[in-house]
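Heavy-atom basis, side chains included; hydrogens, waters and symmetry copies ignored. The first residue in the sequence is number 1, and the count goes up from there.
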Amino acid sequence: MSLLSRLRRPSPAAGPAGPSAVDAPAGLSGAAGADRPEVAADPPPPAGAGAGRARWRTVAAPVTTVLAGLLVLAVLTAPGRFDQLTPMAFLRVPVEALVAAALLLALPGRARRPVAVAVGVALGLVAVVKVLDLGMSASFARPFDLVLDWVLLDDGYAFVTDSVGTGGAVAAAVGLVALVVALLVLTTRSVLRLTRLTTGHRRTAVRVVAGLTAVWVTAATLGVPVADSGTATLVGQHVGQAGAGLRDRREFADQLARDAYRDTPGDQLLTALRGKDVLLAFVESYGRDAVEDPEFAGGVGAVLDGGTRRLAAAGFTARSGFLTSPTSGGGSWLAHDTLLSGLWIDNQQRHDSLLASDRLTLNKAFRKAGWQTVGVMPAATSPWPEGAFFGYDRYHDAAGLDYRGPQFSYAPMPDQYTLATFQRRERTPGHAPIMAQIPLISSHSPWAAIPRMLDWDHVGDGSIYRRPTSVAFNPKDVVGRSTTEVRTGYRRAIEYSLNSLISYVETYGDDDTVLVLLGDHQPSPLVTGPDASRDVPVTVLARDPAVLARVSGWGWQEGLRPGPDAPVWPMDTFRDRFLAAFGPQPPAHVAAPR
């Protein structure tokens, strides 16, 4: 009915002229009704419109209320890990909801609404944190650190840009912002709606809350999981991250101040490697699962075992073991820091503190002992201040490597091109001994476009990779792949990176070549599954038997592939063990490094 119609229509009870003839009691419609003109009633609304709206409101109201309740329940009971997302995870009685309901029922009307808004916003923030935790659990196998991990959002944007293009990255960023806003708005409106419902049916609401509280107390007493939503624990853990970060800063400062090799003269460092080219190659995402998971071990193992035989024919021998990385799924720089500094670097705060220190890294130790130190960083597509800390004499980033071919998913260039360019520029005849750090990135997620091994003489400036025959694996749909397809891409990428290194040593290795080959971290849980170890394979390879004799006491196994019983060391112990093994041998009564 329009506003104009309502103004024209008299009140059914008593308009300006009194009761209408239609509304007059029996017996009065004669004289009284005859003295005034009859007022015609408005025509009824169309048969379908009003009834349809009424039916919609009748259905929509309870449905909206139910959805509001389900959203609140889902936010409070949802776990922070994908592998825990099961229907049973949501069959819980969240004590946080009972406390909030009791508080809102007890408050006077004027105070109730602002408190309900605050509860809704807090619930939305909990939902955002759980979304971040889910993302981190899928990528890094750990929760999101509200103090230290915000820098990873920028890295994540760059990764998506490199993997699927700027359009996809912008869409993902907009989608994430929209999700955050939607969660905050929807949780707030849901709490307000449920508050109106409970206060409108106060007596019933009190009984329901009391009954559910009794159920929760009973379940908690008996230790039944239904009484634990985990939200209070999650909030407590994230709130405690700030305090933990401050404590960790102090502890790490003490560790930085202690360095057994800080004052060692250069002529007493790495004496057993004089005249050697020492190449430290990190293979991205090369984890223990690559050599032990049955789905990968057949192909990757064949590459390693075949490589062991090929290199043995060229006079090379290898010893392999495992190192436990400080990170998983990503954060390669943390693993690089840890191996090179001899300190456990498992978060961004420690990384920043390390860069502000004068810690003696392996790179600096080689430089101090007279080597030319080189950094070859094909993934460095923007300024990289870490280069100054590690102390490279020369540094080749992505632009400086002058690649003229196409990008392969995340990787700006194939590993074989990186190694070929390094050989051409740094290992010319008569060059001084060099120590080079070379992170290889063709095995970086998303494991989509993978190059084919080429004849080394054909690599050139990389333009050959524009030919379709230079690509071995290139799924059309990067985003919509199944888990099986992702795992297949991972296996093939690891095989390619390992083949590149094996072929490089076979082609260019000599009596003065020493290669330390290792993974930086395990791939994401999408590949390994939940709760995988953080172990990565590590290998020392050389033609000179005196080099391998220096590590004979490590107990590492022969060949490029470590077996299940190979020794496992924390990655931060490698620096000291390496410097001890290749430096002047200590007297027998001096204990070896940890």
Side-chain angles (χ1 to χ4, degrees), residues 151 155 252 255-264 266 269-270 273 276-284 323 325-327 331-401 418-419 421-422 425-427 431-441 514-521 536 538 571-579 582-583:
V151 65
D155 294 332
F252 187 64
Q255 296 171 18
L256 272 171
R258 299 191 300 270
D259 187 350
Y261 286 94
R262 181 193 305 275
D263 299 321
T264 303
L269 289 170
L270 302 160
L273 292 173
K276 306 293 186 186
D277 287 340
V278 181
L279 315 182
L280 177 61
F282 289 92
V283 175
E284 172 68 36
L323 300 176
S325 175
T327 185
S332 302
W333 61 94
L334 302 178
H336 301 174
D337 291 349
T338 298
L339 184 107
L340 295 167
S341 71
L343 294 170
W344 192 254
I345 313 294
D346 61 350
N347 59 57
Q348 191 67 23
Q349 178 175 268
R350 288 192 166 210
H351 170 78
D352 294 339
S353 297
L354 176 68
L355 297 188
S357 74
D358 61 352
R359 180 75 176 184
L360 182 74
T361 63
L362 273 181
N363 322 68
K364 292 178 179 178
F366 274 97
R367 189 180 188 186
K368 189 176 182 180
W371 271 262
Q372 291 286 296
T373 54
V374 179
V376 184
M377 303 291 163
T381 56
S382 57
W384 194 62
E386 286 86 342
F389 167 74
F390 287 116
Y392 302 122
D393 290 304
R394 291 180 296 281
Y395 168 62
H396 306 280
D397 61 5
L401 289 168
T418 300
L419 293 169
T421 305
F422 161 71
R425 293 186 179 180
E426 296 293 347
R427 301 190 73 202
H431 69 276
I434 61 172
M435 182 274 181
Q437 178 187 349
I438 312 174
L440 299 176
I441 55 171
V514 177
L515 172 66
V516 179
L517 155 66
L518 74 154
D520 48 11
H521 53 70
V536 297
V538 58
M571 190 175 282
D572 61 334
T573 66
F574 183 84
R575 187 205 72 159
D576 287 7
R577 287 181 182 267
F578 190 87
L579 290 174
F582 293 103

Student: Exactly one of V374, L280, V376, L517 should register a side-chain contact (heavy atoms from CB on, under 4.5 Å) with I438. Which one does?
Tutor: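 Single side-chain contact (heavy atoms from CB on, under 4.5 Å) partner of I438 among V374, L280, V376, L517: V376.
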
Student: Regarding R262 and D358, does a basic nitrogen lie under 4.0 Å from an acidic carboxylate oxygen?
Tutor: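 Here R262 pairs with D358 in a salt bridge, since their nearest N and O are under 4.0 Å apart.
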
Student: Where is the tightest heavy-atom contact between L256 and S357, given as atom of each residue plus distance?
Tutor: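 Heavy-atom minimum between the residues: CD2-OG, 3.6 Å.
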
Student: Output yes when a side-chain donor or acceptor of R427 lies under 3.5 Å from a complementary backbone atom of I434, and no otherwise.
Tutor: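 Absent.
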
Student: Please determine if R359 and D337 form a salt bridge, counting it only when a charged side-chain N lies under 4.0 Å from a carboxylate O.
Tutor: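 No.
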
Student: Rounded to the nearest 0.5 Å, what's the gap from CG on L334 to CG on N347? Could you check?
Tutor: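 The CG atom of N347 is 7.5 Å from CG of L334, to the nearest 0.5 Å.
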
Student: Which heavy atom of H521 sits nearest a heavy atom of S325, and at what distance?
Tutor: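 Smallest interatomic distance, heavy atoms only, reads CB-OG, 3.9 Å.
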
Student: Can you find a heavy atom in the side chain of Q349 that is under 4.5 Å from one in the side chain of F252?
Tutor: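 Heavy-atom side-chain distance check fails, nothing below 4.5 Å.
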
Student: Can you give me the closest heavy-atom contact between I345 and S341, atom names plus distance?
Tutor: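 Distance-wise, the nearest heavy atoms are CG1-OG, 4.2 Å.
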
Student: Testing T373, T361, N363 for side-chain hydrogen bond (donor to acceptor under 3.5 Å, both in side chains) with Q437, which one passes?
Tutor: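 Only one of T373, T361, N363 forms a side-chain hydrogen bond (donor to acceptor under 3.5 Å, both in side chains) with Q437, namely N363.
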
Student: May I ask you to decide if the ring planes of F366 and W371 are parallel, tilted or perpendicular, using 30° and 60° as cut-offs?
Tutor: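 The arrangement is perpendicular - the two ring planes meet at more than 60°.
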
Student: CG of L579 to CG of L270: how many Å apart, nearest 0.5 Å?
Tutor: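 Answer for the CG-CG pair, L579 versus L270, is 5.5 Å.
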
Student: Would you give the length of the straight line joining atom CD of E426 to atom CG of D277, rounded to the nearest 0.5 angstrom?
Tutor: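 Between atom CD of E426 and atom CG of D277 there are 9.5 Å.
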
Student: Test your reading of the model: is there a side-chain donor-acceptor pair from W333 to the backbone of Q348, 3.5 Å cut-off?
Tutor: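 Side chain of W333 to backbone of Q348, a donor-acceptor pair under 3.5 Å: no, none is there.
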
Student: Going by the rule ring pair (Phe, Tyr, Trp, His ring centres under 6.0 Å), which residues pair with H396 if we only count those two or more places apart in sequence or in a different chain?
Tutor: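 So H396 forms no ring pair (Phe, Tyr, Trp, His ring centres under 6.0 Å) with any residue.
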
Student: Y392 vs F390 aromatic rings, parallel, tilted or perpendicular, using cut-offs 30° and 60°?
Tutor: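 The arrangement is tilted - the two ring planes meet at 30° to 60°.
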
Student: Give me the one residue out of L360, L362, L269, D393 that meets side-chain contact (heavy atoms from CB on, under 4.5 Å) with R367.
Tutor: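 Answer to the side-chain contact (heavy atoms from CB on, under 4.5 Å) test with R367 among L360, L362, L269, D393: D393.
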
Student: Donor-acceptor pair, distance only, cut-off 3.5 Å: does the side chain of D572 make one with the backbone of T338?
Tutor: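 A pair under 3.5 Å: no.
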
Student: What heavy-atom pair brings W344 and P326 nearest, and what distance separates the two atoms?
Tutor: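 Looking at all heavy atoms of both residues, the closest pair is CZ2-CA, 3.4 Å.
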
Student: What closest approach, in Å, do A335 and M571 show between heavy atoms, and which atom pair accounts for it?
Tutor: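 Looks like O-SD, 3.5 Å.
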
Student: Kindly compute the distance separating CG (L339) from CG (L518), expressed to the nearest 0.5 Å.
Tutor: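 Between atom CG of L339 and atom CG of L518 there are 5.5 Å.
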
Student: Quick one: pull up CZ in F389 and CG in L340 and give me the separation to the nearest 0.5 Å.
Tutor: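 Separation between the atoms: 8.5 Å.
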
Student: Any heavy-atom pair between the side chains of P433 and K276 that's under 4.5 Å?
Tutor: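 Heavy-atom side-chain distance check fails, nothing below 4.5 Å.
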
Student: Does any non-hydrogen side-chain atom of E284 lie less than 4.5 Å from one of D520?
Tutor: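 A side-chain contact exists here, since the closest heavy-atom pair is under 4.5 Å.
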
Student: Once you round to the nearest 0.5 Å, how far does CD of E386 lie from CE of M377?
Tutor: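 That separation rounds to 9.5 Å.
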
Student: What pair of heavy atoms forms the shortest contact from T418 to P378, and how long is it?
Tutor: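 Scanning both residues, the minimum pair turns out to be OG1-CB, 3.7 Å.
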
